[in-house]
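Worksheet for the structure shown next.
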Protein chains: 2
Amino acid sequence: MSELQPPFKVGALASATGLTVRTLHHYDEIGLLSPSARTPSGHRLYDAHDVQRLQQIQSLRAVGFPLEEIRHLLSSRQVSAQRVIALHLEQLEQRIAEQQALAVRLQRLARHLETAALAPVGDLCRIIEATLMMEQYFTPEQQDAIKARGAMLGEQAIRDVEAAWGEVIPAVREHMARGTPPTDPDLQALARRWKSLVEAFTGGDHAIAASVRRMYDEQHEVINAAHANTPDPAMFAFMATVFAEIGGGPG
Amino acid sequence: MSELQPPFKVGALASATGLTVRTLHHYDEIGLLSPSARTPSGHRLYDAHDVQRLQQIQSLRAVGFPLEEIRHLLSSRQVSAQRVIALHLEQLEQRIAEQQALAVRLQRLARHLETAALAPVGDLCRIIEATLMMEQYFTPEQQDAIKARGAMLGEQAIRDVEAAWGEVIPAVREHMARGTPPTDPDLQALARRWKSLVEAFTGGDHAIAASVRRMYDEQHEVINAAHANTPDPAMFAFMATVFAEIGGGPG
DNA sequence: CTTGCACCTCACGCCGCGTGAGGTCCGAGG
DNA sequence: CCTCGGACCTCACGCGGCGTGAGGTGCAAG
């Protein structure tokens, strides 16, 4: 009844279905669709049943199933179509959600880059890094607050603050090495300067200060390894004794 | 100045950054991040510069760049960060759009399956196939119209129509084989029945009828190969002569 | 007989590692 | 001294879905 149609050869079936010959070979290789006959010389011959199966395969591929699962689906007819589709849809939606989260990150990055004008790639990495850290450790509101403070202070002030840290940290390290007691007035003056620098960044927000501390606690290994002249846990501990003397925490 | 920190060995760097040892090996293999030193016995030693570079790599990976492109970005500092990010974002959004289109298809499928109750996988494939065909050849409004007609007629009526086609087509094929002239009354009666069956599906909508014709024209190879007892171009041509006799087209 | 196309069978490449297999190095404990 | 365990080393295959050759055969037309 169905042998009226002459069987397809690969090329014909490929061009009829829009697939490539290689694809059909592949389906044969993995046992997903093997032609039900061959010519004596080995040429593949696909009959009506094969074509039908191929259409089913194409249908399932079109909605994103992997080949392995398609084979499974076509071999066992016990599976409930609804459940399969629902599960598949769920996975797909999760992937979409992940990618959208990534897109949001990229959009935020793009906005940051607008303000940074002609950023070369080195800066790009720093900005990404900062953006990622921000995401990990600060709430969106805190991020807005930090950005607002940055804009308010201006670029020059920010560079001033960075330069100040560049002086304070080596000085503290000196005192640590010499074993200066927490009661030393020079050290206490340094502690007050430290405190003001922290406040310049946090704007006096204790939650932000706490987040920064948490960030340092969890990331100090990489931070200290990658950037010289950054505080480490020992320095935080040392400064804590000084803050205890002059009263009040670091921020 | 930065050699105060002892260099990292792979395991330490891996656990500090959250990567795996294998990943660091891989980055070394492909020349993305080679440790700047080795112990005499060959153990990798990563210094501060390496760690910094790794952080940049992690940043760029976190926003989805492939390793090859990361290497390229990090080696040439001419590239504009904005353009890179914008391009990357664009590609990502396109991928998202594609996947969302797929999700929409799956949702539509899920809805179709609800009405089909306990569909096994075989039916699933037919429904997917039909859904995809619908998408290709019919506008959403036409799809709604077809679905509405289907619901109006009821399942029994649809099965009746299918059974009717199952009689009409072999009969026509008989006449074709015998060379019956278009003036033959039996054949003309068959043509009128054909016309009514088409109308049962299209609801008299000429646009839908035209789409069906286009679908057959473009897909007849696979349709005829996969399903016995379907009209082919020769049959359409033959019927056209009969419709010319009795006046009016097929639909 | 030759040309040329469609077909055949290997088999490697992609991307970002996971996961062994099989061997070496190193610090601590007996 | 030896030994033990853990961290390190270098291959090398596997994954998904084919693309892209390379090198050879089949078959109908000129």
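Residue numbers start from 1 in every chain, and the chains themselves are labelled A, B, ... in the order their sequence lines are given, proteins ahead of strands.
Toward the 5' end of DNA chain C, the nearer of the two residues B:Pro66 and B:His43, judged by each one's closest nucleotide, is B:Pro66. Between B:Pro40 and B:Leu67, it is B:Leu67 whose nearest contact on DNA chain C lies nearer the 5' terminus.
Pairs of residues two or more places apart, or lying in two chains, that qualify as side chain to side chain donor-acceptor pair (under 3.5 Å) and include a residue from residues 220-237 of chain B are A:Gln52-B:His227, B:Asn224-B:Thr230. Counting only residues at least two apart or on different chains, the ring pair (Phe, Tyr, Trp, His ring centres under 6.0 Å) pairs with a member in residues 51-106 of chain A are A:Phe65-A:His88. Counting only residues at least two apart or in different chains, ring pair (Phe, Tyr, Trp, His ring centres under 6.0 Å) contacts with residues 16-38 of chain B are absent.
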Using a 3.5 Å cut-off and no angle test, enumerate the donor-acceptor pairs between side-chain atoms of residues 96-105 of chain A and protein atoms at least two apart in sequence or in another chain.
residue  : atom : partner : partner atom : Å
A:Arg105 : NH2  : B:Ala62 : O            : 2.9

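A:Leu24 CG to A:Thr17 OG1: the interatomic distance, rounded to the nearest 0.5 Å, is 5.5 Å. The line from OG of A:Ser75 to CD1 of A:Ile70 is 12.0 Å long, rounded to the nearest 0.5 Å.
Residues of residues 16-30 of chain A having a heavy atom closer than 4.0 Å to DNA chain D, listed by number: A:Thr20, A:Arg22, A:Thr23, A:His26, A:Tyr27. Remark: nothing in residues 85-98 of chain A comes within less than 4.0 Å of DNA chain D through any heavy atom. In the region residues 32-39 of chain B, proximity to DNA chain D at under 4.0 angstrom, judged on heavy atoms, holds for B:Arg38.
A side chain to side chain donor-acceptor pair (under 3.5 Å) with A:Arg44 is found for exactly one of A:Asp28, A:Asp50, A:Thr39, namely A:Asp28.
Side-chain contact between A:Leu60 and A:Leu74: present, with at least one pair of heavy atoms (C-beta onward) separated by less than 4.5 Å.
Other residues, nucleotides and ligands contribute more than 12 heavy atoms inside 6.0 Å of the CD atom of A:Glu29.
Listed by chain and residue number, B:Thr241, B:Val242, B:Glu245 satisfy the side-chain contact (heavy atoms from CB on, under 4.5 Å) test with B:Pro182 (two or more places apart in sequence, or in another chain). Residues forming a side-chain hydrogen bond (donor to acceptor under 3.5 Å, both in side chains) with A:Arg95 (at least two apart in sequence, or on another chain): none. Applying the salt bridge (charged side-chain N to carboxylate O under 4.0 Å, His left out) test to B:Arg178 and every residue at least two apart in sequence or in another chain returns B:Glu174.
A donor-acceptor pair under 3.5 Å is absent between the side-chain atoms of B:Glu93 and the main chain of B:Glu90, judged by distance alone. Formation of a donor-acceptor pair under 3.5 Å by the A:Ser34 side chain with backbone atoms of A:Gly31 is not found in this model.
A:Phe8 has its CZ atom 12 Å from the P atom of C:dC7, to the nearest Å. For the pair B:Glu69 CD and C:dC14 P, the computed distance is 17 Å after rounding to whole Å.
In 5' to 3' order, the nucleotides of DNA chain D bounding all contacts with chain B (an atom under 4.0 Å from a heavy atom) are D:dC8 to D:dA12.
Each end of the helix from C:dC1-D:dG30 to C:dG30-D:dC1 gets its own rotation axis from five pairs of C1' atoms, and the angle between them is 50° to the nearest 10 degrees.
A side-chain donor from one of B:Tyr137 and B:Gln219 sits under 3.5 Å from a side-chain acceptor of the other.
Between B:Ser41 and C:dC26, a side-chain N or O to OP1/OP2 separation shorter than 4.0 Å is present.
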